[in-house]
A.B. asks: 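Could you have a look at this structure, given as structure tokens, before my questions?
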Amino acid sequence: MTELSPFEEMSETHAAEEISRLSRELEAHSRLYYVENRPTITDREFDALMARLGALEDAFPHLRRPDSPSQRVGGEPVEGFEQVAHDPPMLSLDNSYDEGELQEWVERSRRLVPDAELSYVAELKVDGVSISLLYEQGALSRAVTRGNGEVGDDVTANVRTLRRLPLRLDGVPERLLLRGEIYMPRTVFQQLNRRREEEGEALYANPRNTTAGTIRLLDSREVARRKLEVAIFQSVTDLGVSTHGEILETLASWGLPVMETWRRCPHVEALRDYIHEWQDERRRLDYETDGVVIKVDGLGLHERMGRTGKAPRWAIAYKFEAEQAETEVLGVTVQVGRTGALTPVAELAPVLLAGTTVKRATLHNYEDLARKDVRVGDFVRVEKGGDIIPKVVSVNLDRRPGGTTPFAIPECCPECGEAVVQFEGEVAVRCVNPACPAIVAQSVEHFVSRNAMDIEGLGEKTVAQLLAAGLIEDYTSLYELTLGELEVLEGWGKKSALNVLAELEKSQQRTLAHLLFAVGIRFVGVGVAKKLAERFRDLDRLMEADRETLEDTPEIGPKVADSLIRFFADAHNRDRLSKLRSHGVTVTQPEPASAVSSDGPFVAKTVVLTGTLSMARGEAKKLLEGAGAKVTGSVSSKTDFVVAGESAGSKLTKAQGLGVKILSEQEMLDMLEEG
Ligand SMILES: [Zn+2]
């Protein structure tokens, strides 16, 4: 006997009325609870109303409206997101980093509209993810991420789960296009990370990245659980008012979430006061803010002032100085990378920095460590800019306890105990033991990675399992694995063993370019590997090439040539290559379809070189271009990386201000190599 639905007897008209009544009631309570902070019913009563609405909609599915409050809990997972064009495009803002730059902007603005009396609106810039929201006939109909400013992802189902965002607005234009910022409150972020820590999961780096990841989750029910917030700061639709301040007031009056921290500033001094006030006060907020957005208040002036490229001239962002915190160094540990480079890492007493608990900070290398003279027991200042790994800025010598000693460069590798070496002209201290477990594990991981031999089913954990079981010694022995060996491994079985064997077989068909990258020759990234493969087409021909021939290759300089000669001269490496060949791995390159590097950390990135590098500028440029980068002369917000050598000057300062990722020469080389 089937159970009757409690609404079986209800007429459709009655159901429609009931659904509409419940929806209105729930939205009103949501607003009281989430926006006005004065709930008039208990959570339990709220849940009961919501449950009734959900049950009614289940009984009459065609009556479920897209703006129903029940959609706040999320719906069925989706396959992917539809791409939607922004009209008009979502602009970005120019940045200023000190009051001098702000003053320059003010003066530029005055020159643009000399007849106007300029006044401003200052708003805190919420550090989240920009979103475009469309209300049609009062109902939230579409939410699209910023994407590249021209085209973004339709994440409407996810955005409907944001509690503070009304799904329906009364008395608004028929078509209302808004811009806002979705963010994760610090407290929510911390709770989320606490839960992940308990579950033994990797912690999220910061609220902004977590927001970006959350809003693009395919399962909106999970988005609903993450408790994201949204702040609206702009209306693209003309609201019939004459100032930006009035726009904010109008939006707030409609029940839209507008940050209350904005302020009208009649002159520049008021702007400065606002910045000074929030420079420190912002730490008390439950959300991250990295600056202040300043807009000319008069909307009529916006049109007259126009824009430069992608940024309006009537607005600018003022960036706060990077946050620093002081904490104690509990110890210094050492990580051994794939190339054998030893990286010292400071283990810190946990400290809250820019909304995240920091427990470790990189010390880059021993030279850096020695220069800063970081000792165990010291109190150090740590800094974090953007999502860069926290770094130790300096030691507070006033708090140095007695009896500390400078940290010595280890003589032995912490992983294998072999003596370490430092090559001439290199900063890195390296373990050169080819059998070092840390190096072997990472070189196998590199070999199977996507840009290398692309062997699916062999992740970090699987590689560790194979090594621990003694089934492989290095990447060459992957091709000697048998079904019998694999299927008996814990967590495996015949099916997964066969899958991996099939993947291994498939990988034998990869090209010489993949192979050259996969075997991990220093300075041979994806781009250089391609150039070499295209020029030589055959492994033997490459191995026999002399220095002159190598350097004659487009984009190959003496540094890469040296490295190739050294690699191919090594008996160990020659042995591995001949094993791979005997296992049927392709050692030739087919005729090229295209010669453009398509993957790797520098592909399509804009890089600026500054300061004195140990290699010639031209060579560094060649290396980067070989890896798909565009090397330019000046730093701007479009710069992805700045490689800073000795005595780097204003470009470095500018890059730091812009939050551009700074690389040392060594880091650049490591990235080129790691691909
Ligand atoms: Zn070692």
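In each ligand, atom 1 is the first atom listed, and ligand 1 is the first ligand listed.
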A.B. asks: I want to know whether F517 and H446 have ring centres closer than 6.0 Å.
C.D. replies: yes
A.B. asks: For the backbone of V336 and the side chain of Q442, can you confirm whether one donor and one acceptor N or O come within less than 3.5 Å of each other?
C.D. replies: yes
A.B. asks: Looking at F536, does the NZ or CZ of R541 lie under 6.0 angstrom from its six-membered ring centre and within 45 degrees of the ring axis?
C.D. replies: no
A.B. asks: List for me each residue that meets side chain to side chain donor-acceptor pair (under 3.5 Å) alongside Y366, sequence neighbours excluded, and say none if there are none.
C.D. replies: none
A.B. asks: Would you mind writing out the side-chain donor-acceptor pairs for residues 408-419 within the sub-3.5 Å range, not counting sequence neighbours?
C.D. replies:
none

A.B. asks: Kindly write out the residues that satisfy salt bridge (charged side-chain N to carboxylate O under 4.0 Å, His left out) with D290, not counting sequence neighbours, or none if the list is empty.
C.D. replies: K125, K319
A.B. asks: Within less than 2.8 Å, report the number of protein N/O/S atoms around the Zn ion (ligand 1).
C.D. replies: 4
